[in-house]
Amino acid sequence: MLEKLFPDIYVKSIYEMPLEDMYKKGIRAIAFDIDNTITPYDVAEPDDKAVEFFKKLNDMGFRTCLLSNNNKARITKYNRRLKAVAIYKAGKPGTKKLLAVLKKLGVKPENAAIVGDQIFTDVLCGNLGGLTSILTAPVCDRDQLVTAVKRGMERQVLKIYFKKAGIKDGHC
């Protein structure tokens, strides 16, 4: 069961994702968490670097989605410049809305990835849904209270994962 909490890929930042390799392996859609994955949870709009990154993804042929447990106002405002499919109150780690958006995008789970900074929501959601799961280090140390509480447990899972994966410079 612990393996369901392990990501397929670990990167320190979304900008380090192996995009060419992912595309070669058949990944055609990427669902992103926003808060502490792309930007701190208290930043309302994406910076130019994030906007350019999403443009690059689209130019490469990836379909993109924002998949967040946050509310509609937050997701709508953040997505204005990214122009991705946006799903709010996603219910992660549940997979219902994730699988529905993949169907809407015309992509099978095995041809999609989910990217996020949390094991118990993003990674577990992706693994339960049959996607490639990508864990990023949080973009900052600030967390909402509910997330901060889970970080201690996540650190324990990450220690096991990093050891098993041979990652020496992971953050725990």
Side-chain angles (χ1 to χ4, degrees), residues 1-39 46-70 75 78-139 154 157-158 160-162 164-167 169-171:
M1 174 58 190
L2 195 58
E3 286 76 22
K4 287 286 184 195
L5 300 175
F6 292 166
D8 295 304
I9 299 169
Y10 172 79
V11 292
K12 290 183 181 174
S13 161
I14 62 170
Y15 305 107
E16 295 180 6
M17 292 170 41
L19 298 175
E20 291 81 12
D21 291 342
M22 291 167 58
Y23 198 85
K24 286 178 188 172
K25 290 180 181 177
I27 302 295
R28 295 298 180 264
I30 307 173
F32 288 88
D33 177 53
I34 297 173
D35 297 327
N36 242 347
T37 298
I38 302 172
T39 195
D47 60 17
D48 291 341
K49 185 176 181 180
V51 173
E52 286 302 314
F53 181 69
F54 271 72
K55 183 181 181 317
K56 174 183 176 179
L57 292 171
N58 291 326
D59 290 347
M60 289 180 72
F62 289 107
R63 295 178 186 106
T64 57
C65 171
L66 299 179
L67 186 77
S68 175
N69 285 346
N70 215 316
I75 305 316
Y78 194 84
N79 190 41
R80 281 189 192 129
R81 292 182 62 206
L82 298 182
K83 299 180 182 359
V85 173
I87 305 299
Y88 59 93
K89 294 189 178 183
K92 296 179 292 182
T95 61
K96 184 178 180 179
K97 287 191 175 182
L98 171 63
L99 296 177
V101 76
L102 290 180
K103 188 173 184 177
K104 180 180 176 180
L105 294 172
V107 177
K108 294 179 182 177
E110 60 268 21
N111 298 113
I114 184 170
V115 184
D117 68 298
Q118 294 186 59
I119 290 172
F120 297 112
T121 53
D122 307 308
V123 171
L124 184 56
C125 178
N127 289 344
L128 292 174
L131 285 75
T132 296
S133 59
I134 302 172
L135 179 67
T136 66
V139 297
E154 285 188 348
V157 173
L158 284 173
I160 297 166
Y161 168 74
F162 288 148
K164 187 174 183 174
I167 299 172
D169 62 347
H171 300 281

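Everything numeric in this text was worked out from a predicted model, so none of it was measured. Values reported hereafter were calculated over all heavy atoms of this structure, with side chains retained and with hydrogens, waters and symmetry mates removed.
A pairwise comparison of heavy atoms in Ala86 and Ile75 identifies CB-CG2, 3.5 Å as the closest pair. Between Cys125 and Gly94 the shortest heavy-atom distance is SG-O, 3.4 Å. Across every non-hydrogen atom of Phe6 and Asn127, the tightest pair is O-ND2, 2.9 Å. Scanning both residues, Pro109 and Gly129, for their nearest heavy atoms gives CB-O, 3.2 Å. Pairing each heavy atom of Lys56 with each of Leu19, the nearest pair is CE-CD1, 4.1 Å.
Looking at Tyr78 and Thr39, their side chains come closer than 4.5 Å, going by heavy atoms from C-beta outward. Put simply, the side chain of Met22 reaches to within 4.5 Å of the side chain of Ile30, judged on heavy atoms. At least one side-chain heavy atom of Thr121 sits under 4.5 Å from a side-chain heavy atom of Asn69. In this structure, the side chains of Asp48 and Arg81 come closer than 4.5 Å at one or more pairs of heavy atoms.
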Apply the test side chain to side chain contact (heavy atoms under 4.5 Å, CB included) to residues Thr64 and Asn58: give CA-CA distance (whole Å), side-chain angles for both, the deciding distance (0.1 Å), then the verdict. CA-CA 7 Å; Thr64 57; Asn58 291 326; 3.6 Å; yes
Step by step, work out the side chain to side chain contact (heavy atoms under 4.5 Å, CB included) result for Leu67 and Lys92. CA-CA 9 Å; Leu67 186 77; Lys92 296 179 292 182; 3.8 Å; yes
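Between atom CZ of residue Arg28 and atom CE of residue Met60 there is a gap of 9.5 Å, rounded to the nearest 0.5 Å. Residue Ile14 holds its CD1 atom at 5.0 Å from CZ of Phe53, rounded to the nearest 0.5 Å.
Ring geometry, Tyr23 versus Phe62: the interplanar angle exceeds 60°, so the pair is classed perpendicular (tilted spans 30 to 60°).
For the pair Asn79 (side chain) and Leu82 (backbone), a donor-acceptor distance under 3.5 Å is absent. Although no hydrogens or angles enter the test, the distance criterion places no donor-acceptor pair under 3.5 Å between the side chain of Asp122 and the main chain of Ile114.
The only option from Leu5, Val123, Val115 that meets the side chain to side chain contact (heavy atoms under 4.5 Å, CB included) definition with Ser133 turns out to be Val123. Put simply, the residue from Ile38, Asp33, Thr37 that forms a side chain to side chain contact (heavy atoms under 4.5 Å, CB included) with Leu66 is Ile38.
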Only distances under 3.5 Å count here; give the side-chain donor-acceptor pairs of residues 96-108 to other protein atoms, sequence neighbours excluded, each with its distance to 0.1 Å.
{"from": "Lys97", "atom 1": "NZ", "to": "Tyr88", "atom 2": "O", "distance (Å)": "3.3"}
{"from": "Lys97", "atom 1": "NZ", "to": "Lys89", "atom 2": "O", "distance (Å)": "3.0"}

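Judged purely by distance below 3.5 Å, without hydrogens or angles, the side chains of Asp117 and Thr136 never pair a donor atom with an acceptor atom.
Remark: Thr132 pairs with Asp8, Ile9, Ile27, Ala113, Ile134 by the side chain to side chain contact (heavy atoms under 4.5 Å, CB included) rule, at least two apart or across chains.
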